[in-house]
**Student:** 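My questions will all concern the structure given below.
Note that ligands are numbered from 1 as they come in the structure, with each ligand's atoms numbered from 1 the same way.
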Amino acid sequence: MIDFFLHKPDNEFAPDNTTHILTHNDAYQFHRTLPGYAPTPCLNLHRLAEKYHTGQLFIKDESKRFHLEAFKALGASYAIHCILEQDGNIDTFCTATDGNHGRALAWASASAGKKSVVFVPDHTAVARIRAIEQEGAEVIRVDGNYDEACDRAAQSCSREGWQLVQDAARDGYEEIPALIMAGYLTQFRELEEELHLPGKPEVDIVFLQAGVGSFAASAIWYYLDRYGPDRPKIILVEPFEADGVLTSFRAGKRVVPDKSFKTMMAGLNCGIPSPGAWNIIRSGTDAVVSISDHFAAEAMQALYHPAGTDQPVTAGESGAAGLAGFMAVMAEEKLKPVRDLLRISPESRILFVNTEGATDPVNFRSIISKTA
Ligand SMILES: Cc1ncc(COP(=O)(O)O)c(C=O)c1O
């Protein structure tokens, strides 16, 4: 199953009460001081580009982010650092997660000598729960989906006096999600060392996967801030069964999609988009594509078993989703309007972010054991 929505963005967002956090952030400087910090690699997949008759396909590989296998470490670590600068007496940090953010929060809390409690939806893979526990968190499984886990985390924080560090905003809770988005900006700052030039992004199209939308919003904010109308075209990719951003675009406001929330792309299996992210996403998204799981599986296989001399990439279900969206756009008749918008040619330079590695190793092995 696939769907798409084309959008005409105005390339400007109305400043809100968290804009200063993104504008004045020094997350990149902060991350560079962390033990074990190294920029994640950006690979050029020449053979895959040839296959699609396009210029260059770049993939920034966040599976190599610290030992945590996902970009989420950038958001949680920066938010906790900023929170503790204001109040060093906080004892326990808490969040809800479908895996990666919770693992990152547990690691960042333990690194700061603090406790952590992490709520997970009932379908969360055992390996993901173990990985969070290994970083020192107490994990509580909620009988419900991601949005319900978020509600439980927020309620428990009010009751227990824990500090909520959630990557999705809600009314009256905007600053910390904005700090998390500011942390994600480090990925794009790192690209300035090898790809982006001042005044010239050197990529024409960026495919970004979306869950609550904070990751995509940080990228869009970065490109609009640096390049304004000369930014690359931005395509968001979501699971067909959890397409909160696409449905919200269609409705003209943030809504929960009437879908099954059955997808293996666990990191993207979210309902309503985060309000802080939505404001930014609206101003700089050119199209949204939603895809079923088999596209993600094909992208995982293509990355792990690359053609010719391309370097293999270990991409989890959500990590491969950006490339999966591109593969769907190139293959599916229904997505021709997106192809027409992007005008992909032998000169096009396209960027993806592999946002996670094999964070559910059982599912990962079962997928990559089948040939692309
Ligand atoms: C691997 C991965 N990619 C992408 C995302 C999407 O990020 P966001 O929820 O900010 O849209 C997530 C979120 O958990 C994730 O874990």
**Student:** Describe, in one word, how the ring planes of F71 and Y184 are oriented to each other, choosing from parallel (under 30°), tilted (30 to 60°) and perpendicular (over 60°).
**Tutor:** perpendicular
**Student:** Of the listed options (A266, A315, S63, G267), which comes nearest to atom 13 (C) of ligand 1 when hydrogens are ignored and any heavy atom counts?
**Tutor:** G267
**Student:** Could you tell me whether K259 and D3 make a salt bridge, using a distance below 4.0 angstrom between a side-chain N and a carboxylate O?
**Tutor:** no
**Student:** Do ligand 1 and F215 have nitrogen or oxygen atoms that lie under 3.5 Å from each other?
**Tutor:** yes
**Student:** Please determine which of R231, R189, Q187, E192 meets the side chain to side chain donor-acceptor pair (under 3.5 Å) test together with Y222.
**Tutor:** E192
**Student:** Examine the proximity of ligand 1 to K72 and report which part, side chain or backbone, both or neither, has a heavy atom under 4.0 Å away.
**Tutor:** side chain
**Student:** What is the ring orientation for H196 with Y227, classed by angle as parallel under 30°, tilted 30 to 60°, or perpendicular over 60°?
**Tutor:** perpendicular
**Student:** Just distances here: any N/O of T355 and N/O of ligand 1 closer than 3.5 Å?
**Tutor:** yes
**Student:** Does F71, backbone or side chain, put an N or O under 3.5 Å from an N or O of ligand 1?
**Tutor:** no
**Student:** Mark yes when over 12 heavy atoms from residues, nucleotides or ligands other than Q311 sit less than 6.0 Å from its CD; otherwise mark no.
**Tutor:** no
**Student:** Any ion pair linking R170 and D151 (charged N to carboxylate O, less than 4.0 Å)?
**Tutor:** yes
**Student:** How close does the nearest protein non-hydrogen atom get to atom 9 (O) of ligand 1, and which residue and atom is it?
**Tutor:** V212 N, 2.9 Å
**Student:** May I ask you to check if ligand 1 and G213 share an N or O to N or O distance below 3.5 Å?
**Tutor:** yes
**Student:** For ligand 1 and D167, I'd like to know whether there is a polar contact (N/O to N/O, distance under 3.5 Å).
**Tutor:** no
**Student:** Counting the benzene-type ring for Trp, do F66 and H31 have ring centres under 6.0 Å apart?
**Tutor:** no
**Student:** Output the list of atoms in ligand 1 that are nearer than 4.0 Å to some heavy atom of S214, sorted by atom number.
**Tutor:** 8 (P), 10 (O), 11 (O)
**Student:** Check this for me, if you would: do E333 and K336 make a salt bridge, where the nitrogen-to-carboxylate-oxygen distance has to be below 4.0 angstrom?
**Tutor:** no
**Student:** Any nitrogen or oxygen of G319, main chain or side chain, under 3.5 Å from a nitrogen or oxygen of ligand 1?
**Tutor:** no
**Student:** When you group the ILVMFWY residues by side-chain heavy-atom contacts below 4.5 Å and let the links chain together, are F326 and L6 in the same group?
**Tutor:** yes
**Student:** Tell me whether N100 has any N or O atom under 3.5 angstrom from an N or O of ligand 1.
**Tutor:** yes
**Student:** Could you list the atoms of ligand 1 found under 4.0 angstrom from a heavy atom of S318?
**Tutor:** 1 (C), 2 (C), 3 (N)
**Student:** For ligand 1 and L268, I'd like to know whether there is a polar contact (N/O to N/O, distance under 3.5 Å).
**Tutor:** no
**Student:** Quick check: are there more than 12 heavy atoms from other residues, nucleotides or ligands sitting under 6.0 Å from CG of D143?
**Tutor:** no
**Student:** May I ask you to identify, for T97, whether its side chain, its backbone, both or neither come under 4.0 Å of ligand 1 on a heavy-atom basis?
**Tutor:** neither
**Student:** Parallel, tilted or perpendicular, judged at 30° and 60°: which one describes the rings of F188 and Y223?
**Tutor:** perpendicular
**Student:** Suppose I only count heavy atoms of A210 and a 4.0 Å limit; which atoms of ligand 1 are within that range?
**Tutor:** 11 (O)
**Student:** At less than 4.0 angstrom from any non-hydrogen atom of E356, what atoms of ligand 1 do you find?
**Tutor:** 1 (C)
**Student:** State the atoms of ligand 1, each with its element, that fall below the 4.0 Å cut-off from a heavy-atom position in D98.
**Tutor:** 14 (O)
